[in-house]
Amino acid sequence: MGLEVCKAVDAADDLELVARVDQGDPLASVADAGARVLVDFTTPDVVMDNLRWAIGQGISVVVGTSGFSEERLAQVRTWLSEKPEAGVLIAPNFGIGAVLMMQFAAKAARYFESVEIIEQHHPRKLDAPSGTATHTAKVIAAARAEAGLGAMPDATKEEFDHARGADINGVRVHAVRASGLVAHQEVLFGTTGETLTIRHDSLDRASFMPGVLLAVRALVSRPGLTIGLDPLLG
Ligand SMILES: NC(=O)C1=CN([C@@H]2O[C@H](COP(=O)(O)OP(=O)(O)OC[C@H]3O[C@@H](n4cnc5c(N)ncnc54)[C@H](OP(=O)(O)O)[C@@H]3O)[C@@H](O)[C@H]2O)C=CC1
Ligand SMILES: O=C(O)C1=N[C@H](C(=O)O)C[C@H](O)C1
């Protein structure tokens with residue numbers, strides 16, 4: 001993703017790529033180069049250190065790295081309150097189609113008694129389930145709670161470990177890893193006599209770049225914490 005972002009920024013007429021940082025490179029080179037926005041696609045282990053450093057320097061940050069809990073978001077808000085000029089945008093998925101998939105799923109949630117999420121990724125992915133699937137489960141769970149829906153029907157009494165997937169706020173999420181895949185997700189809804197499947201496929205990492213560039217441009221004049229691309233899409 002880092003390479004893909006560098007290519008996309010380089011190719012944009014209105015943006016200038018001033019620094020590239022890989023593991024082991026000094027972050028100070030970002031500040032020395034006069035960067036106004038830092039884009040972080042690293043790992044959940046290091047992203048918070050990067051964020052703390054960048055916010056401390058007054059540099060805004062676009063974050064694609066997954067692994068953001070409520071506690072992490074609260075920490076970012078605290079850091080930002082000390083640097084009101086800085087902005088941070090954290091998005092579980094920068095693909096426009098993926099953002100729409102999550103919005104459609106939230107809209108459908110109230111009408112179906114059952115829903116499960118099946119995400120599929122390349123086998124080099126470190127985290128499971130994906131940030132996108134986790135976020136989708138949370139927005140579906142919130143929509144179900146708002147509509148007064150209870151637990152989903154499920155008679156399972158005996159199971160091999162994890163056979164029914166991870167339980168995220170009451171929504172089952174299944175993670176598939178296989179060579180050849182990029183990033184894919186299905187949200188499967190069911191109710192009496194019908195199912196609805198909402199599916200999104202990222203077939204190439206270029207799919208994330210329009211969303212990343214949109215966020216970079218917005219953050220030049222958008223202080224505070226923004227979650228997801230939705231507020232930028234109107
Ligand atoms: N929000 C979105 O739309 C998307 C989010 N992602 C997320 O982005 C993250 C990265 O994904 P991906 O690019 O596929 O993963 P990769 O493992 O291919 O890349 C991560 C890179 O970060 C480098 N790195 C590790 N530590 C640091 C550090 N301290 N400073 C700078 N660089 C560092 C790694 O170096 P090294 O190889 O030496 O360890 C590696 O090159 C994941 O969390 C993934 O889930 C991915 C795609 C889309
Ligand atoms: O690691 C990936 O590849 C991806 N990670 C993000 C996630 O965890 O949801 C976004 C997309 O699914 C690709």
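The figures here come from the full heavy-atom set of this structure, side chains too, leaving out hydrogens, waters and symmetry mates. Whatever order the structure lists them in is the order used to number ligands and atoms, beginning at 1.
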ask   = Relative to ligand 2, is Q185 under 4.0 angstrom through side chain, backbone, both or neither, heavy atoms considered?
value = neither
query = Between R199 and E186, is the closest basic N to carboxylate O distance under 4.0 Å?
reply = yes
Nearest protein heavy atom with distance in Å, relative to atom 12 (O) of ligand 2 = H121 NE2, 2.6 Å
query = Going by the order shown, which atoms of ligand 2 are within less than 4.0 Å of some heavy atom of A183?
reply = 11 (C), 12 (O), 13 (C)
query = Heavy atom under 4.0 Å from ligand 2: found in N93's side chain, backbone, both, or neither?
reply = side chain
ask   = Near S130, which atoms of ligand 2 are under 4.0 Å from a heavy atom of that residue?
value = 7 (C), 8 (O), 9 (O)
note = Numbered in order shown, the ligand 1 atoms found under 4.0 Å of a heavy atom of N93 are 1 (N), 2 (C), 3 (O)
request  = Give the minimum heavy-atom separation between R72 and G67, together with the two atoms involved.
outcome  = CD-O, 3.3 Å
inquiry  = Under 3.5 Å between any N/O of Q23 and any N/O of ligand 1: does that happen in this structure?
reply    = yes
query = Would you call R52-D49 a salt bridge at under 4.0 Å N-O?
reply = yes
Polar proximity ligand 1 side, T43 side, N/O cut 3.5 Å exclusive = no
remark   = among protein heavy atoms, the one nearest atom 15 (O) of ligand 1 is T42 O, 4.6 Å
query = Which residue and non-hydrogen atom of the protein lie closest to atom 7 (C) of ligand 2, and at what distance in Å?
reply = G131 N, 3.4 Å
task = Please check if a non-hydrogen protein atom sits closer than 4.0 Å to atom 43 (O) of ligand 1.
result = yes
Atoms in ligand 1 flagged as close to F94, the criterion being non-hydrogen separation under 4.0 Å = 1 (N), 2 (C), 3 (O)
query = F189: what forms a ring-ring contact (aromatic ring centres under 6.0 Å, His included) with it, not counting sequence neighbours?
reply = F112
remark   = heavy-atom search around atom 4 (C) of ligand 1 in the protein gives F41 CE2, 3.5 Å
ask   = Does any N or O atom in F208 lie less than 3.5 angstrom from one in ligand 2, N or O only?
value = no
message = Please tell me if atom 6 (N) of ligand 1 is touched by the protein, where touching means a protein heavy-atom distance below 4.0 Å.
response = yes
note = Only residue of H184, Q185, R177 satisfying side chain to side chain donor-acceptor pair (under 3.5 Å) with E119 is R177
ask   = Touching ligand 1 at all, P92? Heavy atoms, strictly under 4.0 Å?
value = yes
ask   = Hey, does N50 come in under 3.5 Å of ligand 1, counting only N/O atoms on both sides?
value = no
task = Go through ligand 1 atom by atom and flag the ones less than 4.0 Å from a non-hydrogen atom of R205.
result = 12 (P), 13 (O), 14 (O)
query = Any side-chain donor-acceptor pair under 3.5 Å between R222 and T226?
reply = yes
task = Report yes or no: does a heavy atom of E4 sit under 4.0 Å from some atom of ligand 1?
result = no
request  = Examine M1 against ligand 1 and note whether any of their N/O atoms are separated by less than 3.5 Å.
outcome  = yes
inquiry  = Just to confirm my output: which protein heavy-atom neighbour is closest to atom 26 (N) of ligand 1, and how far is it?
reply    = V46 CG2, 3.6 Å
request  = Please say whether P44 places an N or O atom under 3.5 Å from an N or O atom belonging to ligand 1.
outcome  = no
request  = List every atom of ligand 1 that sits less than 4.0 Å from any heavy atom of A91, numbering the atoms from 1 in the order shown and giving each element.
outcome  = 1 (N)
Shortest heavy-atom approach to atom 6 (C) of ligand 2 - which of A175, P92, P44, G95 = P92
query = Considering only protein heavy atoms, which is closest to atom 34 (C) of ligand 1, and at what distance to one decimal place?
reply = D22 OD1, 4.1 Å
query = Any N or O on G95 sitting closer than 3.5 Å to an N or O of ligand 1?
reply = no
query = Of all the non-hydrogen atoms in the protein, which one sits nearest to atom 5 (N) of ligand 2, and at what distance?
reply = K125 NZ, 3.1 Å
